[in-house]
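Take a look at the structure below.
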Amino acid sequence: KEGNNFHDEL
Amino acid sequence: MNIFRLAGDIAHLLAVIILLLKIWKSRSCAGISGRSQLLFAIVYTTRYLDLLTNFVSIYNSVMKVVFIAASYATLYLMYMKFKATYDHNHDTFRIEFLLIPVTALALLVNHEFSVLEILWTFSIYLESVAILPQLFMVSKTGEAESITSHYLFALGSYRALYLLNWIYRYYFEGFFDPIAVVAGVVQTVLYCDFFYLYITKVLKGKKLSLPA
């Protein structure tokens, strides 16, 4: 989960 | 989820609630920058489009919906219901000076050149500077109500706590998102002067007023 296209934060 | 991120989210939620309650209870949005609130609505709308494409958790989705809804509720109160109390004359920051460079930067520096990713990047950059019209308004009038300064303190603390979260995640999860981190540092730095005044004045029971 290195940034790219997956943002799990608000 | 770690303690810094949870505390950051709670501070963020608290800020949004303080602002809505302040406007609702006093029936007035005096001292609040409608331009900053408009920018925040743009920030939440462009960032949380992934609600439709990407499920993270119930917590994550609920918070996103709350932030979007609260930002539009704030705009409704300011520009419709309590429009007469909106202080136009002091809310004069030119937001195109923020929107244009932020759009250009999002197109140039992003993780991936796709619509959702560019909108996410745009929202991260815009959020970092979205408070400027509000800070400009406070400096122009030379003062802020205590409740407005509590709002600003909670809102500023949120990104500062996220910085601690990113340090934690870097060491313990190997997670590092340079776009979010650099923007988060810029955002937090913009509040430093305000934090100083808040701690030295508001917490000691004095009104936040700037030296002439």
Side-chain angles (χ1 to χ4, degrees), chain A, chain B residues 1-2 4-6 8-13 16 43-44 46-51 53-57 59-68 110-121 123-124 127 158-159 161-163 165-166 169-170 173-181 183-184:
Chain A
K1 41 181 180 181
E2 284 289 323
N4 286 7
N5 252 342
F6 188 80
H7 305 293
D8 63 346
E9 295 178 336
L10 291 165
Chain B
M1 177 65 75
N2 58 63
F4 303 114
R5 192 155 144 212
L6 183 64
D9 288 346
I10 291 170
H12 193 184
L13 195 59
V16 166
V43 164
Y44 299 129
T46 51
R47 186 173 316 164
Y48 300 154
L49 283 175
D50 68 353
L51 263 174
T53 60
N54 183 13
F55 179 78
V56 178
S57 64
Y59 170 84
N60 187 279
S61 298
V62 169
M63 292 292 257
K64 285 174 175 172
V65 171
V66 168
F67 286 128
I68 293 173
N110 52 57
H111 290 301
E112 186 191 300
F113 204 83
S114 67
V115 174
L116 271 186
E117 193 58 29
I118 287 171
L119 287 173
W120 178 86
T121 312
S123 86
I124 291 287
E127 184 189 344
Y158 136 69
R159 225 47 179 173
L161 287 160
Y162 256 68
L163 293 182
N165 156 57
W166 289 322
R169 290 191 76 182
Y170 178 75
E173 298 171 22
F175 172 91
F176 177 60
D177 184 337
I179 290 180
V181 172

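A note on names: the letters A, B, ... follow the listed sequences, proteins ahead of strands, and every chain is numbered from 1. These values consider heavy atoms only, across backbone and side chains, with no hydrogens, waters or symmetry-generated copies.
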Mind checking the CE-CD spacing from Met63(B) to Glu9(A)? Nearest 0.5 Å is all I need.
12.5 Å
If I measure from the heavy atoms of chain A, does Asn165(B) come under 4.5 Å with its side chain, its backbone, both, or neither?
side chain
Do other residues, nucleotides or ligands put more than 12 heavy atoms under 6.0 Å from Tyr170(B) OH?
no
Can you see which heavy atom on Leu10(A) is nearest to which on Phe67(B), and at what distance?
CD1-CE1, 4.3 Å
Is the shortest heavy-atom distance from the side chain of His7(A) to the side chain of Ile124(B) under 4.5 Å?
no
Given that the side chain runs from C-beta out, which part of Asn60(B) has a heavy atom under 4.5 Å from chain A: side chain, backbone, both or neither?
both
With a 4.5 angstrom heavy-atom cut-off, which part of Tyr44(B) approaches chain A: side chain, backbone, both or neither?
neither
